[in-house]
Every structure is written in structure tokens, then in C-alpha cells.
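Please read all numbers here as calculations on a predicted model, not as lab measurements. So that the names make sense, note that chain A is the first sequence line, chain B the second, and so on, each numbered from 1.
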Amino acid sequence: MSGRRRETTSGTTQTTLTTSATPPFDFAGTAYSNGWAVLAPNRWESDHCTLRRTERLGPGRVVYLAVTGDGSVRSPRIRIEVSHEGDLQASERAAVRSAVRRMFRLDEDLAPFHALCRTAGSRWEPASRGLGRLLRSPTLFEDAVKTICTTNVQWGGTKAMVRRLVEYLGEPGPPAGSTAETETRISVSGQDPNAFPTPEAIAAASGKTLEAARLGYRAPFIRELAERVASGDLDLEVLRRPELVTEDVRRRFLAIKGVGAYAAATLLMLVGRYDHLAVDSVYRAFVTERYFGGESPQDREAERIYDEWGKWKYLGFWYDLWQGPEEDL
DNA sequence: TTCCAGGGGTAGA
DNA sequence: TCTACCCATGGA
């Protein structure tokens with residue numbers, strides 16, 4: 001990890017940090033892997049292969065991140081440009097590095113999955129070259145709120161709900177600077193969004209504010225989740241611990257109101273457990289077309305398609321979907 | 001207007 | 001454990 005700082009004319013400072021990833025690692029294939037890259041406060045610039053994000057480091061302390069890869073698969077490095085006011089303390093640099101490493105799963109061992117891909121046939125072989133690290137959020141709270149916002153709604157609705165939550169309840173970052181580099185950022189990405197709202201902010205939101213976010217029947221679920229996390233009644237982060245039994249983690253996800261089988265499987269994926277498939281309309285449509293000749297199977301039958309992937313079945317399906325239905329079986 | 005989405009909660013069997 | 005019904009919202 002290294003750092004370099006540069007003053008701008010607006011009082012905003014840009015500090016560049018770098019961190020490494022264990023090869024094989026595909027930066028773009030990780031950042032733009034599952035849709036999370038376009039849910040606020042993330043935004044994906046495909047032209048520059050850059051993931052941007054507004055990140056809250058503490059009360060009144062919000063920074064902008066621009067994350068890029070160096071294109072190397074074998075000795076990959078990640079560059080994090082932090083736009084901030086004042087000095088970026090050592091603890092804040094560590095927090096930024098930790099957030100990015102968690103988002104890109106840089107400490108997750110996918111070697112067994114990649115090994116499976118090399119033996120699963122030509123369709124999956126490309127995934128062994130650094131794919132399968134599905135983007136996630138710095139906190140499990142943010143991931144849980146976003147997952148609930150994916151239920152029973154089209155993707156455009158999910159994006160709109162999350163965008164409104166961020167706009168109405170997130171903390172704004174510092175005003176944009178005026179250097180050429182910063183102006184490039186503005187011209188490319190538009191107005192920077194707020195940071196993702198804290199559990200406390202959502203718990204304390206007025207009824208009118210949540211109503212304006214148009215979360216529909218999800219609003220009381222998200223409110224209750226925020227209240228439980230803010231009060232300390234629910235510690236989501238402990239569910240990331242690898243020593244926990246997957247089925248216990250799943251039961252604890254299912255105990256969250258608004259989380260059913262689909263959302264629990266999604267959250268398990270987000271904590272690095274791929275044993276369960278998130279069977280939704282996308283899954284059903286894909287396997288119906290690719291494996292059942294267009295005739296809708298029962299869910300149990302549909303799930304058996306990926307049995308051979310064992311504890312990696314979520315990623316087995318994810319890459320199958322990524323490849324699309326066209327290729328011959 | 002009707003259907004349904006990257007479903008889930010609840011009641012009743 | 002299974003089914004039926006209901007749940008806001010918005011796009012097609």
C-alpha cells in the first residue's frame with residue numbers, strides 16, 4: 001500500500017492509494033459483475049474502466065473514490081484515487097483500503113472455483129482467469145438493504161429506489177474541486193451522489209421521507225432492519241465470519257423481515273458462500289430456455305442443474321448466465 | 001387496463 | 001411443509 005497526495009485549487013485534496021490483488025484477478029470483470037456497480041452511490045464508467053463511489057468515513061467525513069485496475073491479471077494492482085478535504089489520516093486510509101478490498105473481495109480465495117471452471121468445459125474455462133469475485137458493498141447493511149430492494153421489482157425500479165434512499169438520507173461529500181482532473185470526473189460522471197445512508201439515518205427518517213423514496217411494501221422491512229442494526233439488536237457483520245456454519249448464517253438471514261429464500265441466497269453469496277442458488281425470475285427464465293427447451297420446470301428441478309458445482313453452485317450459475325443462452329450445450 | 005418484476009409475510013390447512 | 005392471498009410501485 002502506498003500513497004501520493006495532490007492539492008487542488010478548491011481546497012479538495014486528491015490522495016492516490018494502491019493495493020494489490022491475488023492473481024488471477026480481472027478488475028473489470030469484478031467491478032461490473034452483478035449490477036452492484038450501478039447501484040448508488042456506486043457508478044461505473046465503462047469507457048475508463050473506473051468504479052466511482054461516494055464513501056462515508058465518519059460523521060461529516062465523506063470522500064469520493066475512483067477505483068481502477070492496472071490491467072494485469074498475473075500481478076494485479078488496484079489504484080484508489082481519494083478526493084477529500086483536509087488531511088487523510090492513516091486510519092482513514094486504512095478504512096478506504098479496507099472498504100475497497102471488501103468490495104472487490106481481494107482476500108477471498110476463489111482458487112477452488114477456478115479449478116472447477118478449468119474442468120467444467122470450454123464454456124467455463126474463461127472464468128478461471130480471474131472472474132467470480134462479484135462486487136459487494138463495504139458493509140453488509142448496505143448489501144442487505146440493496147438486496148431487499150431487488151425483490152419483486154424490475155432492475156430499473158431497484159436502481160431508482162436505491163438512488164432515492166441515497167439522495168434523501170445519505171450524507172453529501174465535499175464540493176467538487178476545479179482542477180482539470182476533477183473537471184474530467186464531473187463531466188464524465190455527472191453530479192456526485194451522497195454516501196449510502198447509515199442505519200441510524202434510515203432508522204431516524206420521517207415517514208414522509210421513506211414514503212418519498214417509494215420503496216413500496218419494502219419500506220417497513222428496511223426501516224426495521226435499520227432500527228435493529230442501529231440499536232445493536234442485530235449485528236450483521238458477525239455473519240461474515242467464516243467459522244460459522246452456512247445453514248446457521250442462512251437461518252439468520254431468513255430471520256430478517258423482507259428476506260426470503262432468494263434474498264438469503266443472495267446475501268450468502270455476498271458473504272462468500274455460494275452453496276445456495278438465488279432462484280428468481282431471471283434464474284427461471286435462463287434455465288428454462290437453456291436446459292428445458294422452453295418448458296418451465298418446477299423450481300426443485302431447475303435447481304438441480306447446478307448440483308455438480310456443490311458449494312460453488314451460485315458462481316457456476318452466475319457464469320453460465322454471464323455467458324448467455326446462445327452457445328451450444 | 002392488466003400483468004408481473006432480480007419475492008416475501010401471513011394465515012390456514 | 002404447502003398453498004392461497006395479499007402486499008406498493010412502476011414499466012411493458
Gap in Å between the two [atom1] atoms, one belonging to [N] and one to [M], rounded:
N      : M      : atom1 : result
dA5(B) : dC7(C) : C1'   : 14 Å
dC5(C) : dC3(B) : P     : 15 Å
dG8(B) : dC4(B) : C1'   : 15 Å
dC6(C) : dT2(B) : P     : 16 Å

Identify whether any heavy atom of [X] sits under 4.0 Å from a base atom; if not, whether one sits that close to sugar-phosphate; answer base, sugar-phosphate or nothing.
X       : answer
A261(A) : sugar-phosphate
A263(A) : sugar-phosphate
L321(A) : nothing
F221(A) : sugar-phosphate
G156(A) : nothing

Let's see if you can work this out: which of [options] has an atom nearest to the side-chain heavy atoms of [X]?
X       : options                  : value
W155(A) : dG7(B), dG9(B), dG6(B)   : dG6(B)
K257(A) : dC7(C), dG6(B), dT10(B)  : dT10(B)
Y262(A) : dG10(C), dA5(B), dG8(B)  : dG8(B)
R214(A) : dG10(C), dT10(B), dG6(B) : dG10(C)

- request: Applying salt bridge (charged side-chain N to carboxylate O under 4.0 Å, His left out), run through D192(A) and R43(A) and close with a yes or a no.
  value: CA-CA 9 Å; D192(A) 290 300; R43(A) 53 265 195 231; 2.3 Å; yes
Between [X] ([atom1]) and [N] ([atom2]), how many Å, whole number?
X       : N      : atom1 : atom2 : value
I256(A) : dG7(B) : CD1   : P     : 18 Å
I222(A) : dG7(B) : CD1   : P     : 15 Å
I148(A) : dG9(B) : CD1   : P     : 9 Å
F253(A) : dG7(B) : CZ    : P     : 18 Å
Q154(A) : dA5(B) : CD    : P     : 8 Å
R284(A) : dA5(B) : CZ    : C1'   : 11 Å
L215(A) : dG8(B) : CG    : C1'   : 15 Å
D299(A) : dC2(C) : CG    : P     : 12 Å

- request: Just say parallel, tilted or perpendicular for the rings of F104(A) and F27(A), cut-offs at 30° and 60°.
  value: parallel
Return yes if a side-chain donor-acceptor contact under 3.5 Å exists between [X] and [Y], otherwise no.
X       : Y       : answer
Y291(A) : D320(A) : yes
E247(A) : H276(A) : yes
D143(A) : W36(A)  : yes

Is [X] near enough to [N] that one of its side-chain N or O atoms lies under 4.0 angstrom from OP1 or OP2?
X       : N      : result
R300(A) : dT1(C) : no
T150(A) : dG7(B) : no
R218(A) : dT9(C) : no
S281(A) : dG6(B) : yes

- request: Output yes when a side-chain donor or acceptor of T209(A) lies under 3.5 Å from a complementary backbone atom of A205(A), and no otherwise.
  value: no
message: Let me spell it out: for each of T266(A) and L254(A), pick the nucleotide of DNA chain B with the closest heavy atom. Which residue's pick is nearer the 5' end?
response: T266(A)
